[in-house]
Amino acid sequence: MAVEFRVLGDLDVRIDGRAVRVGHARQQCVLAALLVEPNRVVATGQLISRVWGDEVPDGATATLRGYLSRLRHALAGADEVRIVRRHPGYLLAVDPDRVDLHRFRDLTEQARCAGDDATAISCLERALGLWRGEAFDGLTTPWLAAYRQTLDRQRLAAALDRNDIALRRGGHARLLPDVLALSSRHPWDERLAAQAMLALYRCGRQADALEHFHRMRRRLAAEVGADPSPPLAQLYQQILTADAAIAPPDSPARDEASATATGTARDAGTVPRQLPASPGVFAGRAAQLARLDEQLADAGTPDGAGSPVVISSIGGGGGVGKTWLALRWAHANAGRFPDGQLYVNLRGFDPTGEPVEWPAAVRGFLEALGVEPARVPAAPDAQASLYRTLVAGRRLLVVLDDARDTATVIPLLPGTPTSAVLVTSRRQLAGLVTTHGARPLPLDVLPDDEAHELIVRQVGAARVAGHPDAVADIMRFCGGLPLALGIVAARAALHPDLPLSSVAAELTTAVRPLDALAGDEATTNLRVVLSRSLAALTPAAAEVFTLLGLAPGPDISRAAVASLTARAPDELRPSLRELVDAHLVQEHVAGRYRMHDLVRSFAVERATGDRAGSRPALCRLVDHHLHTAHAAALLLSPQRDPLTLTPAAPGVTAERLDDLAAALAWFTREHQVLMATIEYAAGNGLDAAAGQLSWTLATYFDRQGHWHDWAAVARRAVEATGRSGDRPAQAQAHRLLAGACSNLGRYAEAQRNLLAALDLFAALGDDEGRAHTHFDLSMLHDRQRRPREALPHARRSLALYERVGSPLKQAVALNAIGWYHSQLGEHHDAITFCRRALALSEQAGSAYGQANTWDSIGFAHHHLGEYDQAVDCFHQALALFAEIGDRHAEGIVLDHLGDTWAAAGRPDAARDAWRRSLALLDELGHADAAAVRRKLHR
């Protein structure tokens, strides 16, 4: 997947064009420190200095490892970037061209080496176009502040070089807004002042050019007691005398057709007022209205920075309120456009008629501008040219509503920056953003408070206040979709005697949800509105849309969609892009897709008549998740015995996960999807898959502290394996459920399940299964602070592991035996057993086994009063647990570390460790958090 790092603005990471979250500000600083030197090792000490400056916290090295581990997880979806540990620090392996900072520097170097102005200015424009704001915006460290100043100087140098070339080539008119804006940010730069003066003069603004010089002279005199430089003073004299040497380069004369059009423009003095009525009931959208204010702030001001014509493109699905928002803003700001407002409904997705082609829209605009029909040219391109001529220099607002595509919009754009354009569309109109600098404003559903406000305005505050539960049901059903809310609220307003509880009941009891949203007119019937969006799709995209509605879970990955549809990812990509572009599906994070609940209901309706096609598709999806989850589970815990899976169905492509970080990231992304997939499998006769999927999630749930979810899927596994009669799988399911119950403190239930598992394994003659279960029983007793009861089970598990020949499992049992000896006060014996365990874990390459054993050894050293050795052991354990992503274990070891610091007479260090432990345990909802909290408050 293609990755892009953007730092010339806020830190923005994108995989396949979609934003990826890379953590909090401090973690972003770590990434920034690596990005400035791609493919070069940055020493650990240097990284720490760049991230924390002079305020380096205790345990910074371990914290840095944790940040790097999480960054690896966040970037796991990109094959072409890796964070590598290499002495004496870390290296970010990535193509420098994937980082906008290095593209900027490469382009400026190309410009310096170019042999002609055309190539040079093209490179510089592209380089400057990469900047979105202040470099590393929002990140503050001493190193970044200094580095940011260096980059600012490089940016200014590139802009000055660009300006010189543009002025040589006669580009003063286009350059003027940028050079004035830049001059206001760098008022002391005399080279920039000269460029601004020359551009103003060549644009016919001699007085403004002279005043610019006088402001610079006054500023220099007042602040530093100096005069302007001789070159600047000489330019002032040349402007004052209209020296021919600074005249603009020659430009071609206008042809006869242009002159004729200009005459037409002078004759056309009509001020159009075409805006439809403002929405009668409007609620919320304060943030979006403010965003439009910001996007269109410099509209109508020729000196404003930005694109030649300021365009805002409001995008969103059918019924989300795009037209409402556009008209609300247009009416509120009509006074800013004294030369009029043009409006056209392009009917790109209108259920009542065909789309309006751009030539028809242009003719309507010409009529509104007062052009007599006899003077309208015959050719559409000539009509568009006349339209642009008429609006040139005028302060107009142009509203293009319900555009079907970019091609319909472009001919309707004015050609000068004095006008503003507001476009709405169900598609993203990416071409408009790319080619004309449109500023996109994606519109989503209303948040709960704004949805509530909309109902109140339509129905009345008193009626709403009297039925809070019914209103909550209505809001939940509509999911914030303005059209759905408007239909329901209008129905309630038209029947004032009907209780809102009855309105809500009609919604929640409808067999097909969209039946409850069938308004009397096509434009207020959600099913019809969605049908028009669907009709605009290609057949391939429509088929994908239907199957997506059936997929269990809140969202779905691109790889899973490939298995669902039995298509290759490359073949699938255009259909998914089409669905996102049509706002029927959201790509809310890179490579993941979701639907609004009502849109999903529409997709499910379409799939109802094709049971034969949908059942195999869903079986493929279950296979996809099962085979990928199985591989991920073995990466998280290589010592687990793998399952024997049936081959995946044809068309299924399991995801490739290369390492532990990728596996953990995958489980994190798919958590809720896997839960829903297990529910689907258990309810649709796929019992084996339900049990096996539950098995794959156990390690992830345990390490991340998702014990309630673990218990839920394990119960499903016990039920499913009981139905299927698979006794080995049933025994494993009982063990899974016992593990979850143990973590939740449900010890009696855990023991019942372990004893059931032990009976099943004994009946099967499975010594390894018995060994696992005895070990689980020892851990259960340990949780209840009963080491004497735990020790015999640990010894029994060791004997059974030795019998079946499992060195790694022997290491686990030895560590447990050592731990129980330590609990009984036999700390020297504990260290002896644990050292044997550590050697076996290292031999087997088990990071998890080593981490657990280091914690046990540290605990024993602590109780022997050997605090330095204990601290070293705990730091070893913390680094390993952070690398494998076991937050629960990190919290426990930090608690132990705090105890050791306290015993060693370091109360501040102890409190820091306990605070970090408490933060993790509280986040996980673990019962041990209470004990740590008591330590902090004693």
Side-chain angles (χ1 to χ4, degrees), residues 316-320 349-352 426-427 444-445 473-488 490-491 503-556 560-561 564-567 572 575-576 578-586 593-622 673 676-677 679-680 683-684:
V320 83
F349 301 89
D350 194 320
T352 63
R426 294 191 195 181
R427 290 179 171 163
D444 206 344
V445 296
D473 287 341
I474 292 170
M475 289 171 55
R476 189 161 41 250
F477 178 87
C478 295
L481 190 66
L483 178 58
L485 288 163
I487 293 169
V488 176
R491 187 176 303 159
V503 177
E506 180 185 354
L507 300 177
T508 55
T509 59
V511 176
R512 298 195 302 175
L514 297 184
D515 288 345
L517 296 172
D520 295 333
E521 301 174 8
T523 54
T524 59
N525 185 314
L526 186 57
R527 185 181 283 112
V528 174
V529 169
L530 294 174
S531 295
R532 289 296 294 174
S533 292
L534 189 65
L537 299 176
T538 61
E543 180 186 353
V544 174
F545 171 77
T546 300
L547 290 176
L548 282 176
L550 300 173
D555 64 358
I556 187 169
V561 181
L564 175 71
T565 59
R567 297 186 187 182
L572 179 68
S575 294
L576 287 172
E578 189 177 348
L579 291 173
V580 171
D581 189 47
H583 292 282
L584 286 167
V585 170
Q586 290 178 304
Y593 304 89
R594 68 184 180 192
M595 289 178 171
H596 188 282
D597 286 346
L598 292 171
V599 177
R600 183 189 287 267
S601 296
F602 177 66
V604 170
E605 285 184 10
R606 285 180 48 82
T608 301
D610 185 24
R611 298 290 185 187
S614 60
R615 170 75 178 185
L618 287 168
C619 288
R620 287 194 300 269
L621 185 61
V622 172
V673 173
T677 302
E679 288 294 320
Y680 171 80
N684 288 273

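Residue numbers count from 1 along this sequence. Just so it is clear, the model here is predicted, and its values are computed rather than measured.
In this structure Asn684 satisfies the side chain to side chain donor-acceptor pair (under 3.5 Å) test with no other residue, sequence neighbours excluded. Checked against side chain to side chain donor-acceptor pair (under 3.5 Å), Asp555 has the following partners two or more places apart in sequence or in another chain: His588, Arg592. Under the rule for a side chain to side chain donor-acceptor pair (under 3.5 Å), the partners of Arg594 that lie at least two apart in sequence or sit in another chain are Gln586.
Side-chain contact check for Leu576 versus Val585: every heavy-atom pair is 4.5 Å or farther apart. The shortest distance between side-chain heavy atoms of Phe602 and Leu584 does not fall below 4.5 Å. Looking only at side-chain heavy atoms (C-beta outward), Ile556 and Val673 stay at 4.5 Å or farther from each other.
Separating the SG atom in Cys619 from the CG atom in Leu564 is a distance of 11.0 Å, to the nearest 0.5 Å. From Leu618, atom CG reaches atom OG1 of Thr677 across 9.5 Å, with rounding to the nearest 0.5 Å.
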May I have the list of side-chain donor-acceptor pairs in residues 540-549 shorter than 3.5 Å, sequence neighbours left out?
from, atom 1, to, atom 2, distance (Å)
Glu543, OE1, Arg567, NH2, 3.1
Thr546, OG1, Ala542, O, 3.1
Thr546, OG1, Arg606, NE, 3.2

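Shortest non-hydrogen contact noted between Leu550 and Ser614 is CD1-CB, 3.3 Å. Annotation for Pro552 and Leu621: closest pair CD-CD2, 3.6 Å, computed over non-hydrogen atoms. Across all their heavy atoms, Ala603 and Met595 have their closest contact at CB-CE, 4.3 Å.
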